[in-house]
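To keep things clear, I will list the structure first and then write my remarks on it.
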There are 2 protein chains.
Amino acid sequence: MKDIRARLIPLLEKGQCTPRISQLAKKLGEPSTTIHYNVKKMEREGAIQAYKAVFNYKSIGQGHCTYLLINLRQENYGDPEQVARDLAKNKNVESVDICTGEYELIVKLRSKDIDEYYQWVKVAIRKYGFAKTISLTSLKQLKTEFVELE
Amino acid sequence: MKDIRARLIPLLEKGQCTPRISQLAKKLGEPSTTIHYNVKKMEREGAIQAYKAVFNYKSIGQGHCTYLLINLRQENYGDPEQVARDLAKNKNVESVDICTGEYELIVKLRSKDIDEYYQWVKVAIRKYGFAKTISLTSLKQLKTEFVELE
DNA sequence: ATGATTATTGAATAATATTCAATTATTTAT
DNA sequence: ATAAATAATTGAATATTATTCAATAATCAT
């Protein structure tokens with residue numbers, strides 16, 4: 001048996017989807033060509049970045065979710081962007097923001113379980129030189145990526 | 001002129017998209033019917049919740065993004081889920097999590113600007129009885145919803 | 001081992017996106 | 001204010017793509 005699912009998930013998570021023009025047209029009561037024109041324009045202008053799937057992360061083996069509030073060490077403090085850009089490339093990272101306030105970075109992290117999470121953090125602390133890190137682990141997700149769950 | 005865009009955004013933000021079966025098939029070197037079968041199965045099983053657009057939020061007038069770390073007041077403390085569920089319905093809310101640690105809730109909020117943000121928070125504090133709130137405002141988003149930006 | 005269920009796949013069909021050209025609306029320049 | 005230029009809307013025609021179906025292969029349960 002081919003493990004199609006394992007190869008599909010990372011593609012669908014990032015993109016590889018497309019708007020349903022005719023459905024949108026029906027829903028808005030407009031001709032589908034009008035919807036098509038407007039959507040393509042938004043894509044051209046960069047207002048739309050991607051079309052993607054939202055998963056029930058538990059059921060795809062990514063059930064552990066933690067928000068990391070991060071202070072960088074002195075040597076990276078001046079350039080959080082370099083660290084942030086590198087974190088953004090990581091497949092477990094759902095989002096990265098450079099912030100005001102008490103922390104420089106906020107990272108939303110998804111992993112299989114608490115063990116994988118701990119492993120990830122251990123590596124990251126060493127690699128990026130986090131000075132201080134607060135972890136807020138999600139007990140229950142009510143909404144993610146604008147999609148209400150259950 | 002019809003303001004199609006304003007009506008499209010909320011639909012695309014939540015769903016109304018679909019996977020590109022044939023593209024995925026090409027990319028994975030598998031027959032499109034195999035991809036179709038696997039995707040539909042994931043949908044049936046609830047592993048896939050939705051297909052949606054990711055925006056450049058600045059360019060759709062949602063340029064302000066803040067993470068709110070929330071402590072509930074005594075009267076709601078026992079039932080954060082009720083509050084969370086209600087927050088999840090709000091169109092400015094990208095995500096809601098019930099958390100461990102120093103805060104009960106973490107909310108990711110998108111608004112037009114700091115004025116709209118302030119207005120939102122003022123109303124929310126009164127409505128939901130937040131005891132204490134920490135705000136972390138995003139200065140720059142490197143990644144959101146698994147999509148790397150710029 | 002054997003029957004039952006699940007997964008893979010090619011061929012045919014149905015649905016949908018896309019292109020194109022015409023029309024209408026809006027903006028810009030004078 | 002008017003004309004010219006640009007942008008947005010739309011129906012009809014075409015091109016893609018998803019979906020169904022039926023056959024086969026793989027896996028699972030007893």
Side-chain angles (χ1 to χ4, degrees), chain A residues 1-63 91 112 145-150, chain B residues 1-63 91 112 145-147 150:
Chain A
M1 195 83 25
K2 303 172 176 185
D3 195 357
I4 303 285
R5 186 176 293 209
R7 291 187 289 150
L8 274 175
I9 290 169
L11 294 175
L12 289 171
E13 194 164 64
K14 280 194 187 61
Q16 303 299 326
C17 300
T18 190
R20 311 206 329 172
I21 305 287
S22 71
Q23 298 268 349
L24 287 161
K26 235 173 270 175
K27 208 153 222 169
L28 298 181
E30 304 287 349
S32 73
T33 45
T34 301
I35 301 303
H36 184 264
Y37 176 86
N38 279 275
V39 166
K40 291 302 153 190
K41 183 156 188 280
M42 280 195 266
E43 292 176 14
R44 249 185 297 128
E45 293 171 355
I48 294 173
Q49 294 278 328
Y51 302 101
K52 59 155 288 179
V54 175
F55 295 95
N56 176 333
Y57 292 94
K58 203 175 294 178
S59 80
I60 62 166
Q62 295 278 105
K91 73 174 176 51
K112 181 169 170 289
E145 300 153 84
F146 286 109
V147 175
E148 287 184 64
L149 303 172
E150 63 197 74
Chain B
M1 191 87 24
K2 301 173 176 185
D3 196 355
I4 303 285
R5 186 176 292 209
R7 290 186 290 151
L8 274 174
I9 290 170
L11 293 176
L12 289 170
E13 195 165 65
K14 281 197 187 60
Q16 302 299 326
C17 298
T18 191
R20 309 198 344 164
I21 305 287
S22 71
Q23 298 269 349
L24 288 160
K26 236 174 268 175
K27 208 151 222 169
L28 298 180
E30 304 287 350
S32 73
T33 43
T34 302
I35 302 303
H36 183 264
Y37 175 86
N38 279 276
V39 166
K40 290 302 154 190
K41 184 157 187 279
M42 280 196 267
E43 292 176 13
R44 247 183 301 127
E45 292 172 354
I48 294 173
Q49 293 279 327
Y51 303 102
K52 57 154 292 179
V54 175
F55 296 95
N56 178 332
Y57 292 93
K58 205 177 295 180
S59 80
I60 62 164
Q62 295 277 103
K91 73 177 176 50
K112 181 168 172 286
E145 299 154 84
F146 286 108
V147 175
E150 59 198 75

B:K2 side chain near D:dA8 phosphate (N/O to OP1/OP2, under 4.0 Å): no
Of A:E30 and A:R20, the one whose closest DNA chain D nucleotide lies more 5': A:E30
Nearest-Å distance for atom pair OH/P, residues B:Y37 and D:dT17: 25 Å
For atom NZ of A:K41 and atom P of C:dT18, their distance in whole Å: 18 Å
Estimated bend of the helix from C:dA1-D:dT30 to C:dT30-D:dA1 (axis per five terminal pairs, rounded to 10 degrees): 60°
A:K40 side chain near C:dT18 phosphate (N/O to OP1/OP2, under 4.0 Å): yes
Interatomic distance where CG belongs to A:L8 and P belongs to C:dT8 [whole Å]: 10 Å
Interatomic distance, A:I4 CD1 vs C:dA7 P [rounded to whole Å]: 11 Å
Contact nearer the 5' end of DNA chain D, comparing A:I35 with B:S22: A:I35
Validation row: A:R7, B:K27 side chains within 4.5 angstrom (heavy atoms): no
Closest non-hydrogen atom pair, A:P19 against A:V39: CG-CG1, 3.8 Å
Salt bridge A:E145-B:K52, side-chain N to carboxylate O under 4.0 Å: no
Minimum heavy-atom distance between B:K14 and A:F146, given as atom pair plus value: CG-O, 3.9 Å
Length of the line joining A:Y51:OH and D:dT17:C1', which is rounded to integer Å: 17 Å
Contact nearer the 5' end of DNA chain C, comparing B:N38 with A:P19: B:N38
Any A:L28 side-chain heavy atom under 4.5 Å of B:L11 side chain: yes
Listed nucleotide nearest any side-chain atom of A:S32, set D:dT9, D:dT19, C:dT18: C:dT18
From A:T34 atom OG1 to B:K2 atom NZ, the distance as rounded to the nearest 0.5 Å: 6.0 Å
Protein-nucleotide distance (B:Q23, atom CD; C:dT18, atom C1'), rounded to Å: 14 Å
Closest contact, heavy atoms only, B:C17 versus B:L12: SG-CD2, 3.8 Å
Minimum heavy-atom distance B:G46-B:Q49, with the two atoms named: O-NE2, 3.3 Å
Between B:E43 and B:Y51, a side-chain donor and acceptor under 3.5 Å: yes
Enumerate the protein-to-nucleotides 20-27 of chain D contacts in which both atoms are nitrogen or oxygen and the separation is below 3.5 Å.
from: D:dT27; atom 1: OP1; to: A:M1; atom 2: N; distance (Å): 2.6

Of the listed nucleotides C:dT9, D:dT9, C:dA17, the one nearest the side chain of A:I21: C:dA17
Nearest-nucleotide 5' precedence on DNA chain C, A:K26 against B:T34: B:T34
